[in-house]
Amino acid sequence: MTPSTLLLEGIHDAADSRLHQESVHVRRAPRLTDVDCDLRNSISGLGIRSRTTLDAAAFESLPKLSAVGCFCIGTNQVDLNCAAGLGIPVFNSPFSNTRSVAELVLGEVICLHRKLFDRSAGMHTGRWRKSASGAHEIRGRTLGILGYGHIGAQVSVLAEAMGMRVLYHDHQPKLPLGNASQVDSLETLLRESDVFTIHVPDTPMTQNMIDADAISKMKSGAFLLNNARGSIVDLGALAVALRTGHLAGAAIDVFPEEPSENDASFGHELCGIENVILTPHIGGSTREAQENIARDVAEKLARFLTTGSTNGAVNFPEVSLRPRADQLRILHIHHNVPGVLSRLHATIAKVGLNINAESLDSNMQHSCVLLDVDPTNDPTVLDALASMPEAIRLHTFPPRQHDAATAVATLA
Ligand code: NAI
């Protein structure tokens, strides 16, 4: 039985190619509401972007659904607990737009040093303003990176290639790339940087991390860039620092509140301040990032649907096994209570099957066991595993007609 996946919301067509390679049948529709009952009843994989909400009612309308791919960064649109309770792993692609953000940061660093947006806007309104005042090369300037993760590290490499001196601060020890140096405190980074760029996630520790006090510690005439999350910088304090001339410019891509619709009106106290670049959360928005996301999530979906690997799932224990020919592969998803594993092993041993490989992982609520056992045509062992009281779902690879009957997930 070929697994089939429904892709919604115009997901990049690199996803189709990857799924086809694994013999996953692909259907497409603009929205879930456009999908008829027959198709809803048949799909095992579902690909969405940010506009499809998957709640308990949506899951109930997709009885054979076994995996969800969010072809985007976040997964807020999915009720992850409900999905996990139904034995449905949810995959996403948190780092596919790293390069896009890093390139935007480098562009902004140069633009701010040359007041490029102000100069260009002036020309568009008929003003010729040729001046070297306040304009700098970026070569030799010090870039301070807060958060040396996927994006921060890429920014570091690109900035060094342009001749910048790179310092970073991260609350974890991070191996420097190139000639970058880790500094031991945020304060040192603020004091040393000509340009300060933020690449930490939104956490209780990072909210309002760059407040009036932090901004006051920045070098006079420095630039501040935030392409991370809107909660991290106190924009009111930033506006004061820019208006008083303490800072020479800023680039802001993320805001505490952002319009949900395109073409919505936007007003902010930063509007109209000289040498301030404002962008509508486009740091990761490139065709290349969309294509990377499509490949990455399609890969995770295909691996789950064809091998049972849950690696990369955001709501699920992670299991995987290397491919093995001539084996019956079983994925058993169950409530995490003591004794299930030994009964599962005993059930398999009772019918004389050998377990040749096994991967197990659990979280507080759920456990996944992926097993390769001697091949068999005897369905009784699958029936016995599926009817264990703790079982949520059972899959075999390759899938058999029998699996549908033994899927025992119930809606929470
Ligand atoms: P990441 O998880 O790879 O790196 C974050 C780094 O910050 C880690 O090295 C971590 O140790 C460090 N960190 C966390 N808390 C810290 C603290 N309190 N003090 C110092 N260091 C701390 O994340 P990634 O992929 O580099 O993303 C960074 C940010 O960029 C995230 O907020 C993400 O949401 C945002 N982002 C924005 C996009 C846009 O369109 N503007 C697109 C993609 C990501």
Side-chain angles (χ1 to χ4, degrees), residues 49-50 70-77 92-109 111 143-159 166-177 180-193 196-211 213-214 217 224-235 250-260 262 266 268 270 277-294 296-297 312 314:
R49 291 175 69 190
S50 54
C70 294
F71 285 75
C72 46
I73 308 298
T75 52
N76 294 346
Q77 70 279 41
N92 69 337
S93 186
F95 304 120
S96 291
N97 56 12
T98 295
R99 175 71 187 203
S100 303
V101 181
E103 286 190 11
L104 182 72
V105 170
L106 257 289
E108 289 170 344
V109 170
C111 290
L143 175 70
I145 301 173
L146 175 61
Y148 204 67
H150 287 80
I151 297 171
Q154 278 266 338
V155 169
S156 165
V157 171
L158 296 179
V166 177
L167 303 176
Y168 63 90
H169 173 64
D170 197 293
H171 67 165
Q172 311 272 7
K174 295 274 171 157
L175 216 56
L177 298 176
S181 309
Q182 182 156 9
V183 298
D184 58 5
S185 72
L186 172 61
E187 192 168 331
T188 308
L189 193 71
L190 289 162
R191 286 196 198 290
E192 291 272 324
S193 305
F196 183 86
T197 182
I198 299 167
H199 301 291
V200 287
D202 179 2
T203 68
M205 269 174 74
T206 62
Q207 278 167 19
N208 223 25
M209 195 174 186
I210 306 304
D211 57 7
D213 182 48
K217 290 175 179 147
L224 175 68
L225 282 71
N226 186 11
N227 291 279
R229 282 294 175 259
S231 57
I232 300 165
V233 178
D234 178 342
L235 292 182
I252 305 294
D253 187 46
V254 287
F255 299 84
E257 274 150 37
E258 297 179 359
S260 54
N262 263 345
F266 177 81
H268 198 276
L270 288 172
I277 302 170
L278 301 178
T279 45
H281 203 146
I282 52 158
S285 304
T286 62
R287 290 299 295 162
E288 288 76 9
Q290 288 304 317
E291 189 173 336
N292 290 340
I293 288 170
D296 185 35
V297 180
V314 292

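As a basis for the values below, the full set of heavy atoms in this structure was taken, side chains included, without hydrogen atoms, waters or symmetry mates. Remember, it's 1-based here, ligands and their atoms both numbered in the order they're listed.
By the criterion of a heavy-atom distance under 4.0 Å, neither the backbone nor the side chain of I73 is placed next to ligand 1. Heavy atoms of H171 found under 4.0 angstrom from ligand 1 belong to the backbone as well as the side chain.
Close contacts between ligand 1 and V101 involve ligand atoms 38 (C), 42 (C), 43 (C) [criterion: under 4.0 Å to a heavy atom]. Annotation for ligand 1: atoms under 4.0 Å from non-hydrogen atoms of Y148 are 9 (O). For ligand 1, the atoms closer than 4.0 angstrom to any heavy atom of Q172 are 11 (O). Taking every heavy atom of H281 and a limit of under 4.0 angstrom, the matching atoms of ligand 1 come to 39 (C), 40 (O), 41 (N).
Scanning the protein for heavy atoms near atom 35 (C) of ligand 1, the closest one is A228 O, 3.6 Å. The protein heavy-atom contact nearest to atom 28 (C) of ligand 1 is H199 O, 3.4 Å. Nearest to atom 37 (C) of ligand 1 among the protein's heavy atoms is N227 O, 3.2 Å. The protein heavy atom nearest to atom 4 (O) of ligand 1 is G149 CA, 3.2 Å. Among all protein heavy atoms, the one lying closest to atom 26 (O) of ligand 1 is I151 N, 2.9 Å. Considering only non-hydrogen protein atoms, atom 43 (C) of ligand 1 sits nearest to N97 OD1, 3.4 Å. Atom 32 (O) of ligand 1 has as its closest protein heavy atom V200 O, 2.9 Å. For atom 11 (O) of ligand 1, the closest heavy atom belonging to the protein is D170 OD1, 2.6 Å.
I73 places none of its side-chain heavy atoms less than 4.5 Å from the side chain of N92. In this structure the side chain of H199 reaches within 4.5 angstrom of the side chain of V155, judged on heavy atoms. Two residues are said to be in side-chain contact when any heavy atoms from C-beta on lie closer than 4.5 Å; D170 and I145 fail this criterion. Residues L235 and P256 are in side-chain contact: their nearest non-hydrogen atoms beyond the backbone lie under 4.5 Å apart. Taking the side chain as every heavy atom from C-beta outward, T279 and I277 approach each other to under 4.5 Å. Looking only at side-chain heavy atoms (C-beta outward), P94 and H150 stay at 4.5 Å or farther from each other.
With salt bridges taken as basic N to acidic carboxylate O contacts below 4.0 Å, one links R99 and E103.
Considering only non-hydrogen atoms, atom 41 (N) of ligand 1 lies nearest to D253 out of I198, I145, D253, I252. Nearest-residue assignment for atom 33 (C) of ligand 1 (options M209, H150, R229; heavy-atom criterion): R229.
Between G152 and ligand 1, no N or O atom pair is found at a separation short of 3.5 Å. For a threshold of 3.5 Å applied to N or O pairs, the pair formed by F95 and ligand 1 contains no separation below that value.
Although no hydrogens or angles enter the test, the distance criterion places no donor-acceptor pair under 3.5 Å between the side chain of N226 and the main chain of I252.
For the pair V254 and N227, the tightest heavy-atom approach, listed with the atom from each and the gap, is CG2-C, 4.2 Å.
Not counting sequence neighbours, the partners of Y148 by the ring pair (Phe, Tyr, Trp, His ring centres under 6.0 Å) test are Y168. Every residue two or more places apart in sequence or in another chain was checked for a salt bridge (Lys or Arg N to Asp or Glu O under 4.0 Å) with E288, and none qualifies.
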